[in-house]
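Notes for the one structure printed next.
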Amino acid sequence: LVIDVRGERPTEISRLEPSVITMPERMVVPKLEERPAVAEKKSKPLHKQAISKIRRIVVDPGHGGHDPGAVGPNGIQEKDVVLAIGLRLRDLLKEELGLDVVMTRSTDVFIPLEERTAIANKVGADMFLSVHANASSNRSAAGIETYYLNLAKTDKVAQLAAKENGTSLEKVSVLQAILFDLMANYKLNDSAHLADEVQKSLHKKVKSRYSDVKNLGV
C-alpha cells in the first residue's frame, strides 16, 4: 500500500533543479565545470572505475534552523559545524570524483527527517550520507563513530535515533516498520561495508594529526 501525501514544498526541495529531479535512465558522470584560468586548481584524476555504480549522492548535514543539535561549552552549535563539513564534502565529491551531489540543506534551515529521505528518493540518489557531531552525557566521551541503517535493537539506541533525527520514539517505531523491507535486501550489506570503510579511513586520517583520537567503531 503506497500513500502519497502532498503539501507545501520546503524551500530546499523547491530549489532542486528540474534536471536533478528528473534523472535519465543512463547518465554520464558529469565533467568538472570550466572555470577561469585564474581560479583553476590542479584537479586530481577522476576515480571513475572505483565509483562506477555511484552517480548521485545526497549529503545530509544534520539538524538546522530551530534545532541546533549539540551545543559546545563555548556556544558552538552542531548545526553549523556539520553544514560546513557537508559543503566541503560536496565540493570534494564533485571536484575529485566528478559525482552529482545534492544537499538536503545548504543553509541554516530545519528539515524534518521525512523530508530528508524524500529528497534522496526524489532525485534517485545512489547513496545517502548524513553528517553529525554528537554530544554525550558523559563529559569524557570523545572519538569517531559511523552509523548505518539498522533497526534499533534497544531502547537506548531508539532514543538516540529519535534525538539525532529530531523526531519522537513513536515516529522511530513507525519508520522501523516502513524500513523493514528495505533492510531485508542486499543494500544492508552494502551499507555495512561502506560504514566500515568510512570509519577506518576517517579514524586513520584524523589519527595522523591527533594521536589520541578514539575509534568508537561502527
Heavy-atom check, side chain of Q199 versus side chain of I144, under 4.5 Å: yes
Minimum side-chain heavy-atom gap V58-T104 below 4.5 Å: yes
Minimum side-chain heavy-atom gap Y147-V218 below 4.5 Å: no
Check: R116 side chain, S130 main-chain N or O, donor-acceptor pair, under 3.5 Å: no
Side chains of S136 and N138, donor plus acceptor under 3.5 Å: no
Atom pair CZ (R90) and CG (L129), whose distance is rounded to the nearest 0.5 Å: 14.5 Å
K207, NZ atom: more than 12 neighbouring heavy atoms under 6.0 Å: yes
Shortest non-hydrogen contact from Q77 toward V71: CG-CG2, 4.4 Å
Donor-acceptor contact below 3.5 Å, side chain S208 vs main chain K205: yes
Flag side-chain contact, heavy atom, 4.5 Å: L194 against M127: yes
Side-chain donor/acceptor of E145 to backbone N/O of G217, under 3.5 Å: no
Considering all heavy atoms, the nearest V82-A133 contact: CG1-N, 3.6 Å
E78 (side chain) donor-acceptor with G69 (main chain) under 3.5 angstrom: no
Whether H63 and H132 hold their rings parallel, tilted or perpendicular, with breakpoints at 30° and 60°: perpendicular
N-O pairing of D67 and K79 below 4.0 Å: no
Under 3.5 Å donor-acceptor, N215 side chain and H203 backbone: no
OG1 on T117 to CD1 on I111, rounded to 0.5 Å: 11.0 Å
Check: G65 main-chain N/O paired with D108 side-chain donor or acceptor under 3.5 Å: yes
Min side-chain heavy-atom separation V102-V59 under 4.5 Å: no
Under 3.5 Å: donor-acceptor pair, side chain of R88, backbone of L83: no
K94 side chain reached by L99 side chain, heavy atoms, under 4.5 Å: no
Heavy-atom closest contact (F110 atom, G64 atom, distance): CB-O, 3.3 Å
Same apolar cluster: I54 and M103, side chain cutoff 4.5 Å: yes
Working for side-chain contact (heavy atoms from CB on, under 4.5 Å), residues D80 and I76: CA-CA 8 Å; D80 298 324; I76 188 170; 5.6 Å; no
CG on L89 to CG on D60, rounded to 0.5 Å: 11.5 Å
Heavy-atom side-chain contact between I85 and P61 under 4.5 Å: no
